[in-house]
Amino acid sequence: QVQLVESGGDSVQAGGSLRLSCVASRVTDGRKCMAWFRQAPDKEREGVAAIYTDPSSVDYADAVKGRFTISQDSAMKTVHLQMNSLKPEDAAMYYCAADLPCSPDLRLMGRWALPTGWTFWGQGTQVTVSS
């Protein structure tokens with residue numbers, strides 16, 4: 001069973017930056033996909049960014065393009081989300097998700113941004129942005 005542990009959540013002022021990290025354990029061989037989701041109170045969980053191996057590629061939600069960067073190291077055992085120019089609307093619980101091995105159609109028609117496309121989840125890390 002893959003286990004995901006997030007860290008890095010904090011309280012910052014608008015315009016500030018945070019770097020979230022997700023450490024994955026018991027990672028299987030094969031093509032790997034990992035993502036960051038977020039969920040604000042009374043809102044649905046939404047995809048923020050995803051990263052894939054074989055081939056290497058990334059996806060971003062329109063709301064974070066140009067401000068957030070997803071990256072990975074250690075053969076996808078650690079995934080980071082660098083968040084710059086944070087806005088109050090970015091405040092949410094941020095969750096790490098993984099699909100290991102990665103489903104071949106996860107990127108089709110934006111499926112990556114739906115929670116149902118992902119198998120494993122972390123417990124979340126809270127991001128608060130004050131105006």
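Side chains of Val2 and Thr119 form no contact here, defined as non-hydrogen atoms less than 4.5 Å apart. Two residues are said to be in side-chain contact when any heavy atoms from C-beta on lie closer than 4.5 Å; Pro115 and Gln39 fail this criterion. Side-chain contact between Ile70 and Met34: absent, with no pair of heavy atoms (C-beta onward) separated by less than 4.5 Å. Two residues are said to be in side-chain contact when any heavy atoms from C-beta on lie closer than 4.5 Å; Met83 and Asp90 fail this criterion. By the 4.5 Å heavy-atom criterion applied to side chains, Tyr95 and Leu20 are not counted as neighbours.
If you take CZ on Arg38 and OH on Tyr94, they are separated by 4.0 Å, rounding to the nearest 0.5 Å. Distance check: Asn84 CG to Thr69 OG1 gives 6.5 Å after rounding to the nearest 0.5 Å. Glu46 contributes atom CD, which lies 11.0 Å from atom CG of Leu114 (distance to the nearest 0.5 angstrom). Atom-to-atom distance recorded for Trp112:CH2 and Leu108:CG is 14.0 Å, nearest 0.5 angstrom. Between the OG atom in Ser85 and the NZ atom in Lys87 there is a gap of 8.0 Å [rounded to 0.5 Å]. Note that CZ of Arg26 and CD of Gln1 are 8.0 Å apart. Values are rounded to the nearest 0.5 Å.
Note: the hydrophobic cluster containing Val64 also contains Val12 (ILVMFWY, side chain heavy atoms under 4.5 Å, direct or indirect links). Note on Val127: it clusters hydrophobically with Tyr60, by side-chain heavy-atom contacts below 4.5 Å among ILVMFWY residues. Grouping the Ile, Leu, Val, Met, Phe, Trp and Tyr side chains by contacts below 4.5 angstrom, directly or via other members, places Val5 apart from Val79.
In Gln123, the CD atom is not crowded: 12 or fewer heavy atoms of neighbouring residues, nucleotides or ligands sit closer than 6.0 Å. In this structure, Gln13 places its CD atom where only 12 or fewer heavy-atom neighbours from other residues, nucleotides or ligands lie under 6.0 Å away.
The two atoms that bring Phe120 and Leu4 nearest to each other are O-CD1, 3.5 Å, heavy atoms only. Shown here for Gly124 and Glu6, the closest heavy-atom pair between the two residues is N-OE1, 2.9 Å. In plain terms, the two heavy atoms of Cys22 and Trp36 that are nearest each other are CB-CZ2, 3.6 Å. The nearest pair of heavy atoms linking Gly8 to Leu18 is O-CD2, 3.9 Å. Heavy atoms only, all atoms of each residue included: Arg31 and Cys33 are closest at NH1-SG, 4.1 Å. Nearest heavy-atom pair across Leu81 and Ala49 is CD1-CB, 4.1 Å.
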side-chain contact (heavy atoms from CB on, under 4.5 Å) between Lys32 and Gln72, intermediate numbers included: CA-CA 11 Å; Lys32 300 176 180 63; Gln72 61 94 9; over 6 Å; no
Check against side-chain contact (heavy atoms from CB on, under 4.5 Å), Leu100 and Val27: CA-CA 7 Å; Leu100 302 168; Val27 175; 4.2 Å; yes
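Taking the side-chain hydrogen bond (donor to acceptor under 3.5 Å, both in side chains) definition, one finds that Thr53 meets it with nothing, sequence neighbours left out. Legend: residues meeting side-chain contact (heavy atoms from CB on, under 4.5 Å) with Arg111, ordered by chain and number and at least two apart, are Ser103, Asp105, Leu106.
For Lys65 and Asp62, the salt-bridge test passes: some basic side-chain N is under 4.0 Å from an acidic carboxylate O.
In this structure, Arg45 forms a cation-pi arrangement with Trp121, its terminal cationic atom sitting closer than 6.0 Å to the ring centre and no more than 45° off the ring axis.
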